[in-house]
Amino acid sequence: MVDLSPSAPRKGHDVKTPGGSAMTQDFSPPVRLARRDLLVFGLVGAAVGLLSYSATRPLLPDRAGSLTATEAFELAQAGQITLIDIRRPDEWAATGIAPAAHPLDMRREDFADRLAEIADPGQPVALICARGVRSARMSQELTTRGIGGIIDIPEGMIGSAAGPGWIARDLPVTPYEGDQG
């Protein structure tokens with residue numbers, strides 16, 4: 001153990017070893033870190049922490065792959081997207097559907113084939129459901145299958161944390177007229 005008390009030997013003092021021989025030891029105080037050094041160490045630590053956090057956090061939905069209900073309405077009316085309502089027929093009957101939307105029940109075994117028949121080639125396809133949960137899941141599934149140009153409308157028809165929804169935004173709906181999906 002090193003004695004750093006004021007009476008302890010300092011730089012250049014002879015100290016006797018247990019064997020009786022003398023040696024010179026350097027007992028000068030440790031080098032102090034400058035504020036600049038602490039700042040550099042802090043910044044490096046923050047950068048490493050941020051990179052570690054970014055690499056381990058779950059991926060968030062890409063805003064480029066989603067639209068608000070209002071954006072979807074405008075693009076569908078302009079013919080720039082194919083709007084697909086993937087809810088169930090009882091949900092279509094309860095709220096109606098967007099005027100430009102194609103009702104296509106996502107539970108259909110031939111959903112992907114039917115979607116390919118409805119969608120215009122080369123045009124993005126926007127999926128809408130009630131609250132954005134099913135449309136997000138179906139968007140991911142279709143993208144995983146290699147189908148490109150799929151867009152999610154995360155607020156859905158009746159709203160979610162992503163937004164108030166198609167109906168609350170007072171966007172137009174048409175009554176559902178039977179077995180279309």
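The residues of the chain are indexed from 1 along the displayed sequence.
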Could you grab the distance from atom CG of Leu127 to atom CG of Leu115, nearest 0.5 Å is fine? 7.0 Å
Smallest separation among heavy atoms of Asp85 and Ala101, with atom names: CB-CB, 4.3 Å
From the list Asp120, Leu67, Val125, side chain to side chain contact (heavy atoms under 4.5 Å, CB included) with Ile81 holds only for Leu67
Donor-acceptor pairs are to be reported for all side-chain atoms of residues 156-167 against protein atoms at under 3.5 Å, with residues two or more places apart or in another chain.
{"residue": "Ser160", "atom": "OG", "partner": "Pro154", "partner atom": "O", "Å": "2.9"}
{"residue": "Ser160", "atom": "OG", "partner": "Ala162", "partner atom": "N", "Å": "3.1"}
{"residue": "Trp166", "atom": "NE1", "partner": "Pro172", "partner atom": "O", "Å": "2.9"}

Output for pair (Ile84 CD1, Ile151 CD1), nearest 0.5 Å, gives 11.5 Å
When rounded to the nearest 0.5 angstrom, what is the spacing between OG1 in Thr82 and CG in Leu75? 11.0 Å
Would you compute the distance between atom CD of Gln140 and atom OG1 of Thr144 and round it to the nearest 0.5 angstrom? 4.0 Å
May I ask you to decide if Cys129's main-chain N or O and Glu91's side chain share a donor-acceptor pair within less than 3.5 Å? no
If you measure from the Lys or Arg side-chain nitrogens to the Asp or Glu carboxylate oxygens, is any gap between Arg137 and Glu141 under 4.0 Å? no
Please report the closest heavy-atom contact between Asp152 and Ser139, naming both atoms and the distance. CB-OG, 3.7 Å
Heavy-atom pair of closest approach, residues Asp105 and Trp92: N-CH2, 3.5 Å
Thr95 versus Arg87, side-chain donor and acceptor atoms under 3.5 Å: yes
Starting at NE2 of His102, measure out to CD1 of Ile97 and round the result to the nearest 0.5 Å. 9.5 Å
Verify side-chain contact (heavy atoms from CB on, under 4.5 Å) between Arg134 and Arg88, making sure each step is shown before the conclusion. CA-CA 11 Å; Arg134 291 174 285 179; Arg88 298 183 314 266; 3.8 Å; yes
Applying side-chain hydrogen bond (donor to acceptor under 3.5 Å, both in side chains) to Gln77 and not counting sequence neighbours gives none
Taking atom CD of Glu117 as the centre, report whether more than 12 heavy atoms of other residues, nucleotides or ligands fall under 6.0 Å from it. yes
Nearest heavy-atom contact between Thr174 and Ala98 is OG1-O, 4.3 Å
Taking atom CG of Leu104 and atom CG of Leu83, what is their separation to the nearest 0.5 Å? 11.5 Å
Quick check: is Ile118 connected to Phe111 through a chain of hydrophobic side chains (ILVMFWY, heavy atoms under 4.5 Å apart)? yes
